[in-house]
Structure formats: C-alpha cells, structure tokens
Number of protein chains: 2
Amino acid sequence: MSINVKKLRGRPRVFDMDEALDKALAIFWERGYEGASLAELTETLGINKPSLYAAFGNKEELFKKSLSRYTSGPVAFVRDVINEPTAYKVAERFLLNAAEFLTAKDHPKGCMIVQAALSSGESADMVKDLLIQYRYAYEHQLVLRFEKAKIDGDLPDDAKPKSLAKYLATLHQGMSVQATSGTSKDELLEIAELALENWQNKNKLSK
Amino acid sequence: MSINVKKLRGRPRVFDMDEALDKALAIFWERGYEGASLAELTETLGINKPSLYAAFGNKEELFKKSLSRYTSGPVAFVRDVINEPTAYKVAERFLLNAAEFLTAKDHPKGCMIVQAALSSGESADMVKDLLIQYRYAYEHQLVLRFEKAKIDGDLPDDAKPKSLAKYLATLHQGMSVQATSGTSKDELLEIAELALENWQNKNKLSK
DNA sequence: ATATTTATTTACCGATTGGTATTTAAATAT
DNA sequence: ATATTTAAATACCAATCGGTAAATAAATAT
C-alpha cells in the first residue's frame, strides 16, 4: 500500500492542479495580470470558470499561486546563485543565467516578476505591490551576499553592497525589457560580458 | 491683425487640445495603454467621450498623439544627449539625466516608452509593437553616435558601438523599472556612477 | 440501494469595456 | 433672420470583464 492514496469522497477532479497552474503561469507571464482574461485562462486550462474558482479561489489567488510556481521553478536559479564562492562568480552566474533564461524558447520571454504588472489599472494595485516586494527580495539577497563578500575579503573595503546589488538588479530588469522587445540571447550575453569586464576592472581582486 | 485668427465656422472647441493631450499623457504614463480606461480619461480631461473621439479619433490615436507629445516634450533630452562632445559625455549625460527624469516629482515615475505596454492583452499589440520600435530608435541613435566616436578616435578601435548602446539602453530600461518600484533619484544616481566609473576604466581615453 | 460529498456544466449576473447615434448648443456666412 | 457648420451633452450600443447560482454527474460511506 503506497502512501497518501486514501480514497477521497466526492467526484474526483478531472484536471491536474499543477499542470493547470503551469498553463496559467504561462498566460500571466505572457500577458501580465490584467492582460490575462478569465476567458483565455479557462480556455487554455481546458476547464470552465466554476472549476477554476473552486480550485484556486479567484483571479488574484490564481495569479499568486502561479507566481509561487514561477519562483520555485523557472527562476529558482536566483536562489542558487548566491551560493557561488566569490562575489564575482555570483555576479557572473546571475547575469549569464539571466541572459539565458530571459530569452529561452520553451517559455515566454522576459521575467514575470519584472513585467506582469508594471503599469496597470487600479484593479492590479495589489499585484503590482506584491511584485515590487518580490523584486526587492531578490535584490536584497544579493545585498546580503555582497556584505558577506566584504567580510570574506572578497570585495574591497570601499565596495557598496547595496549599490552593487541594485546595479545587478537594474541590469536584470533592463535585460528583461530587452528580451521582451526581441533582443537575442547572444546580444544579452554581450551586455552581461560588458558589465562583468567592468566589474573586474573595478574590484581588482581575484576572479 | 495678428496671424491665424481667421474666424472659423461652427461652435468653438471649449477645451485646449494640447492641455488635454498633456492630461491624457499623464494617465497613459501612469496606467499604461490598457490600464487607462476611457472613463478615467474623459473624467480627467473634463470632456465627454464624443468630444474626445471627435478631437482625437479613438483610444489608440489618442495614445499615439500623447506619445508624440511625450517624445517632443519630457524626453527630448535623449535627442540632445548625442550632441555631447565625447562618447563618455554622452553616456554620462544619458544616465544622469535618466536618473533625474525617471524619479522627477512633477510627473509619473519611470519611462512611458518602456512601460506603457510591456505585457498586455491582444488589444494592445499594435501599441506594444510601436513602443518596441521607439525603444530601438533611441538605442540606435546611441549606436550611430558611438560609431562616430570611433572615427573621432574617441573610443578605442575594439569598442563595439552596438553593445555599448544596448548596454546603456538596458541600464535605462532597468532604471525605469526601479523608479516605478520606488527607488529614489539618489539610488539611481549611484547606479549611474557605478556604470560610469566602469566606462572610464574600460575606455581608457579622456573624459 | 441510499445518503453524502465534491466536481463539472450550463446559464446567468451586474459592472465595465471601447465606441456611437441623436439631439442640442454656439459660433459664422449669407 | 436664416442656413450652415462644428462641438457638446445625453443616452445608448454590443462585447467583454470578473464572478456565481443552480442543476447535474461521479465518486465513496453506510
């Protein structure tokens, strides 16, 4: 007897919730929060509205759950990046992974956290604020990592972790806009390399 | 008799078209193309829908006219920047002006060309493509300027105008996202300075 | 077999979307 | 004065928005 197969009462759900969330994620990613209509969502998920609402709450809840799936799946690399051994390696992996990810062909271009609700109507205010928090969250992860790098002697004493982190976050967000505009992976890699050369010139410590 | 005061037939328009465009611009800038509703537009302009349609065509036309006013007004500095005497000065003015402009207090944060239609529903596809063209347009202005700088001996022979231009455009677009997220002018200036220090390190020519 | 529980389906809701037809008002030309 | 021209105001349109009530279907518990 395998675990967790206790039969549940009631009519069984005919769709897989995780698969449905992946499809919803793709739409929110492409269209943004307001640009994704219930009609397109239900059509793509292959379920009708009452099923969607019973399973996920409402549009905003569905977005938040899609977003959780986004952060634990496609962009988990941001969490891994801070484990690189040096500040330079962190910056390198961050920018190179971003160039790759933002232009990958198996999902929408650009970063959902950057673009899903930048300018929008009032109805998206909650989501807009939530995404702002997420943006600061990954930037702050970089701040902490660069503060550690200073202690490690891995960055010069006059280095400013906050500025360095914001510089990388800003490049990432700009690269996201570029990717959505049609800029290729190779072009983004050139930008990343430009930024990284400069990084080395400035922080004359080891790679 | 002053020029151009020939009396026109018909009931005179009660509102000033340029003032109305400025108000429409502020809304599109803040809300984006889709996020700006006809209701909010007419209410803010102080006119009703038939007047708006008679004067400007439709929502998309109104957006395009607002956008023209944006490019000839608030962001005209991008056109001026390429007249700076050296490549470095161009980069400097571009980034410093951007930090100032994107966080100014007399208009919405961020750049309309970057954010007014990044992710959106199908109804905004035309506007989305138009804004992509505008983004490439100002990037291309920088490309031309840096090609000239190479000829002038103002940039090293191995400099890549396209990459440098895209690097600046990417920073600008990221700074726009940052400004919309609440980042201050001073924080953006720190990023600009970071990028400019690196610029000097890399292109070891004069300021 | 019946009751209970949960999901799906169909049909609908009020509000809002961008956009207009019709009427009324204000100016000039004759 | 009257006709003509243009704009403003009221009232309306079909389509779509996010969201739901009510009925039906499919599973398990007793």
Side-chain angles (χ1 to χ4, degrees), chain A residues 1 4-21 24 27-28 31-66 116-117 119-128, chain B residues 1 4-21 24 27-28 31-66 116-117 119-128:
Chain A
M1 235 168 55
N4 259 347
V5 285
K6 278 185 265 178
K7 305 278 179 154
L8 298 183
R9 283 195 297 196
R11 181 172 177 171
R13 185 174 281 120
V14 79
F15 64 94
D16 182 88
M17 289 191 70
D18 285 338
E19 285 178 18
L21 273 183
I27 296 177
F28 282 126
R31 296 287 187 197
Y33 175 68
E34 277 187 328
S37 72
L38 265 282
E40 187 175 1
L41 285 165
T42 53
E43 191 180 352
T44 304
L45 305 211
I47 65 181
N48 33 38
K49 282 186 276 182
S51 295
L52 190 153
Y53 276 77
F56 302 109
N58 59 14
K59 190 185 181 184
E60 188 176 327
E61 291 293 321
L62 177 61
F63 179 86
K64 288 180 182 171
K65 282 162 183 152
S66 302
S119 27
S120 43
E122 281 184 61
S123 76
D125 280 348
M126 297 296 294
V127 168
K128 178 153 55 175
Chain B
M1 238 173 45
N4 259 347
V5 285
K6 279 185 264 178
K7 303 280 180 154
L8 298 184
R9 282 195 298 196
R11 180 173 179 171
R13 186 174 280 121
V14 78
F15 62 95
D16 182 86
M17 288 192 69
D18 286 338
E19 285 177 18
L21 273 182
I27 296 178
F28 282 126
R31 297 286 187 195
Y33 175 68
E34 277 187 327
S37 71
L38 266 275
E40 187 175 1
L41 285 165
T42 53
E43 191 180 355
T44 304
L45 305 211
I47 64 181
N48 33 41
K49 282 186 277 183
S51 296
L52 191 153
Y53 275 77
F56 302 108
N58 59 15
K59 189 185 180 183
E60 188 176 327
E61 291 292 321
L62 178 61
F63 179 86
K64 288 179 181 171
K65 282 162 182 152
S66 302
S119 27
S120 42
E122 279 185 63
S123 75
D125 279 348
M126 297 297 292
V127 169
K128 177 153 58 175

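Naming convention: chains lettered A, B, ... in sequence-line order (proteins, then strands); numbering from 1 in each chain.
Nucleotide D:dC17 holds its P atom 12 Å from the CD1 atom of A:Ile27, rounded to whole Å. For the pair A:Phe63 CZ and D:dG19 C1', the computed distance is 19 Å after rounding to whole Å. The CG-C1' distance, from A:Leu62 to D:dG18, rounds to 12 Å in whole Å. Between the P atom of D:dG18 and the CD atom of A:Glu40 lies a distance of 10 Å, rounded to the nearest Å. At whole-Å resolution of the value, CG in B:Leu38 and C1' in D:dC12 are 15 Å apart. Distance, A:Asn48 CG to D:dA25 P: 15 Å, rounded to whole Å. Rounding to whole angstrom units, CE of residue A:Met126 and C1' of D:dG18 are separated by 17 Å.
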With a 3.5 Å cut-off and sequence neighbours excluded, list the donor-acceptor pairs that the side chains of residues 12-21 of chain A form with protein atoms.
residue : atom : partner : partner atom : Å
A:Asp16 : OD2  : A:Asp18 : N            : 3.0
A:Asp16 : OD2  : A:Glu19 : N            : 2.9

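Among the heavy atoms of the strands lying under 4.0 Å from B:Pro12 are primed sugar atoms or P, OP1, OP2 only; no base atom is included. A:Ala55 comes within 4.0 angstrom of nothing in the nucleic acid, heavy atoms only.
For the pair B:Thr42 (side chain) and B:Ala39 (backbone), a donor-acceptor distance under 3.5 Å is present. No donor-acceptor pair closer than 3.5 Å links the side chain of B:Glu40 to the backbone N or O of B:Ile27.
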Go through the steps to decide whether B:Leu41 and B:Phe63 satisfy the test side-chain contact (heavy atoms from CB on, under 4.5 Å), and finish with yes or no. CA-CA 11 Å; B:Leu41 285 165; B:Phe63 179 86; over 6 Å; no
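For the pair A:Arg11 and B:Lys59, both in contact range of DNA chain C, the more 5′-proximal nearest nucleotide belongs to A:Arg11. Place A:Arg9 and A:Lys49 on DNA chain C by their nearest nucleotides, and A:Arg9 ends up nearer the 5' end.
Heavy atoms only, all atoms of each residue included: B:Arg31 and A:Glu122 are closest at NH2-CG, 3.2 Å. When every heavy atom of B:Ala24 is checked against every heavy atom of B:Ser66, the shortest pair comes out as CB-OG, 3.6 Å.
Summarising the base pairing, D:dA14 is matched to C:dT17 through a Watson-Crick or G-U wobble pair whose two defining distances lie under 3.5 Å. Look at C:dA7: its Watson-Crick or wobble partner, with both distances under 3.5 angstrom, is D:dT24.
Relative to the six-membered ring of B:Tyr33, B:Lys59 meets both conditions, a distance below 6.0 Å and an angle of at most 45° to the axis.
From the 5' end on, the contacts that DNA chain C makes with chain A at under 4.0 Å to a non-hydrogen atom open and close at C:dT5 to C:dT10.
Candidate nucleotides D:dC17, D:dT10, D:dA21 were compared by shortest atom distance to the side chain of A:Ser37, and D:dC17 ranks first.
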